[in-house]
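The figures that follow rest on heavy atoms only: side chains count, while hydrogens, waters and symmetry mates do not. Letters go in sequence order (proteins before strands), and every chain restarts at 1.
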Protein chains: 2
Amino acid sequence: MAIECSCDECELKELFFQNISASEMESLCQSRVEQNYDKGDYIIEQGKPVEEFIYLKRGLVKLFITNANDKEQILSFAKPFDFVSLLSILSKKHHSYSVMAIEDSTTCNISIRDVKRIIRENGKFAMSILEKMSMVSDNVIDESLAIRRRNLRGRVAYVLLHFYRDIYKTEAFELPVSRKEIAEYIGMTTENVIRALTEFRKDGIIKIFGKVIEIIDEHKLQQISEHG
Amino acid sequence: MAIECSCDECELKELFFQNISASEMESLCQSRVEQNYDKGDYIIEQGKPVEEFIYLKRGLVKLFITNANDKEQILSFAKPFDFVSLLSILSKKHHSYSVMAIEDSTTCNISIRDVKRIIRENGKFAMSILEKMSMVSDNVIDESLAIRRRNLRGRVAYVLLHFYRDIYKTEAFELPVSRKEIAEYIGMTTENVIRALTEFRKDGIIKIFGKVIEIIDEHKLQQISEHG
DNA sequence: ATCAGTTTATGATATATATCAGTTGACCCG
DNA sequence: CGGGTCAACTGATATATATCATAAACTGAT
């Protein structure tokens, strides 16, 4: 008797659910829930109990923490196939970070208990999760160091290149974030992010149409990203 | 026939090698190598292949990356039972970071292949590794955010409190790092770290005898750490 | 004991970034 | 239609931090 499970066709199966048996897959498939979010919706709220293992199928999200003065610090932007809830869910009872959709998004949610059970029962699956997790954490840390060693212009250039190369891959794209959010990500003020963008525009490196940015001189932007 | 293995008495067994069978333990015990390092020795060199799973039994180390201009950025300081090589060893072929002993240190090294084998064969062990790993990465990320949201004085205060509370637990202790290394950790210049320390001394918050720091007013230091 | 190199320290100045104040334009709501 | 809010933007000024120069104390090697 063949088992019907839409997960079989899911791209995430390749990436993530390797080394998993048909019956384990079926069990996950039964319990998983797909969830849609509009831009601006919270997917995870800081402080809430960790109940589900969540990953992103579609859209774009930001991970951030809200500090004592209600200011946000953005940790990273994640696109599909980045495992957004992977960072702390295995060691903490409550979420350390919030996750918000910055574009309309779809997640696939699995009970954290089920995932933990399969990890315990299936070492190969555990190994592949460990590898992925290791990669995600590394990326967040690398990004943070990359930002830290740059000055204002370098940081803004870095962010633009990130959206251009890693996410949209087209010279003209609509920024999914406000200038304020860029500032919260790179740890500078909104005004200075705007000033840097204006400078790039005046120098003919980019064009700006509101939220739409067009990369004119990628090479120059790369130089600024490296040397400020 | 009882198995002789000094690992049975190792404190790390409790923390780390939970859920491991006697035969697995014996196999690890056979292949493990203990290594001593003097202050200043490299334990791991950035770019070298990942061959061993390393953790710290004794001493104190710094994790850092060396950037294009040969400047060091210190990621974190790790004390025994922090799993120093855990961050990227499972996903990368080469070390992303260097690790150096900043006090005389002892590590216990296990072939990465053996660890991976046991992860695959023993899901419970895998689960406990995942939890630890999750915690270590989280700490690095949290620290980085904690530093980022502080100003110079707050950052220096934060570091002093870190050494005082998490490592030495005694009012007077010898800093295991130079002012330059503190600067590399908190992302400020050496001169400004020194200036902040001098200010604290003049305000009667600490005493300075070369590398020895004595915490006089922890409460005040805490306030500075929080509010700059 | 001496020399070279490094760490700690301090002051003067330059520079980068934050803060504050205010303008404009888009969008939403009554 | 008017009023309110918010994001994007700009300029003036304040502040924090970096840079540069210098010197004393210390460290290691010969």
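- Remark: B/Glu34 engages B/Lys57 in a salt bridge, criterion side-chain N to carboxylate O under 4.0 Å.
- Salt-bridge formation is detected for the pair A/Lys92/B/Asp142: a Lys NZ or Arg NE/NH1/NH2 atom is positioned less than 4.0 Å from an Asp or Glu carboxylate oxygen.
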Are A/Lys48 and A/Glu45 close enough, and set up right, to give a side chain to side chain contact (heavy atoms under 4.5 Å, CB included), and what steps lead you there? CA-CA 6 Å; A/Lys48 291 273 169 73; A/Glu45 274 186 84; 3.2 Å; yes
When you compare the protein's N or O atoms with those of nucleotides 26-30 of chain D, which come within less than 3.5 Å of each other, and at what distance?
none

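- When DNA chain C is scanned 5' to 3' for any atom under 4.0 Å from a heavy atom of chain A, the first and last hits are C/dT17 to C/dC20.
- In this structure, A/Tyr42 has its ring center no closer than 6.0 Å to that of A/Tyr37.
- If you check the side chains of A/Ser144 and B/Ser144, you find a donor sitting under 3.5 Å from an acceptor.
- Note on A/Arg153: nothing from the nucleic acid sits closer than 4.0 angstrom, heavy atoms only.
- Annotation: B/Lys180, atom NZ; neighbour count of heavy atoms from other residues, nucleotides and ligands within 6.0 Å does not exceed 12.
- In this structure, the helix from C/dA1-D/dT30 to C/dG30-D/dC1 shows an angle of 40° between the axis at its start and the axis at its end, each fitted on 5 base pairs and rounded to 10°.
- Following rounding to the nearest Å, A/Ile206 (CD1) and D/dA8 (C1') show an atom-to-atom distance of 13 Å.
- Two residues, A/Asn151 and B/Arg179, neighbour DNA chain C, and the one matched to the more 5' nucleotide by heavy-atom proximity is B/Arg179.
- In this structure, the side chains of A/Leu90 and A/Phe53 stay at 4.5 Å or more apart for every pair of heavy atoms.
- One finds no salt bridge joining A/Lys220 and A/Asp203 here, because no Lys/Arg side-chain nitrogen approaches an Asp/Glu carboxylate oxygen to under 4.0 Å.
- Looking at A/Ile54 and A/Ile44, their side chains come closer than 4.5 Å, going by heavy atoms from C-beta outward.
- Identified under the salt bridge (Lys or Arg N to Asp or Glu O under 4.0 Å) test for residues 155-176 of chain A, with sequence neighbours left out: A/Arg165-A/Glu218.
- Within residues 184-198 of chain A, the residues approaching DNA chain C are A/Gly187, A/Met188, A/Thr189, A/Glu191, A/Asn192, A/Arg195, by heavy-atom distance under 4.0 Å.
- Evaluation of the salt bridge (Lys or Arg N to Asp or Glu O under 4.0 Å) test over residues 185-200 of chain B, restricted to residues two or more places apart or in two chains, returns B/Arg153-B/Glu199.
- To the nearest angstrom, P of D/dC6 lies 15 Å from CD of A/Glu181.
- Judged by distance alone, the side chains of B/Tyr185 and B/Glu143 do bring a donor and an acceptor atom under 3.5 Å apart.
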List the steps and the verdict of side chain to side chain contact (heavy atoms under 4.5 Å, CB included) for B/Tyr158 and B/Ile147. CA-CA 8 Å; B/Tyr158 175 85; B/Ile147 288 171; 3.9 Å; yes
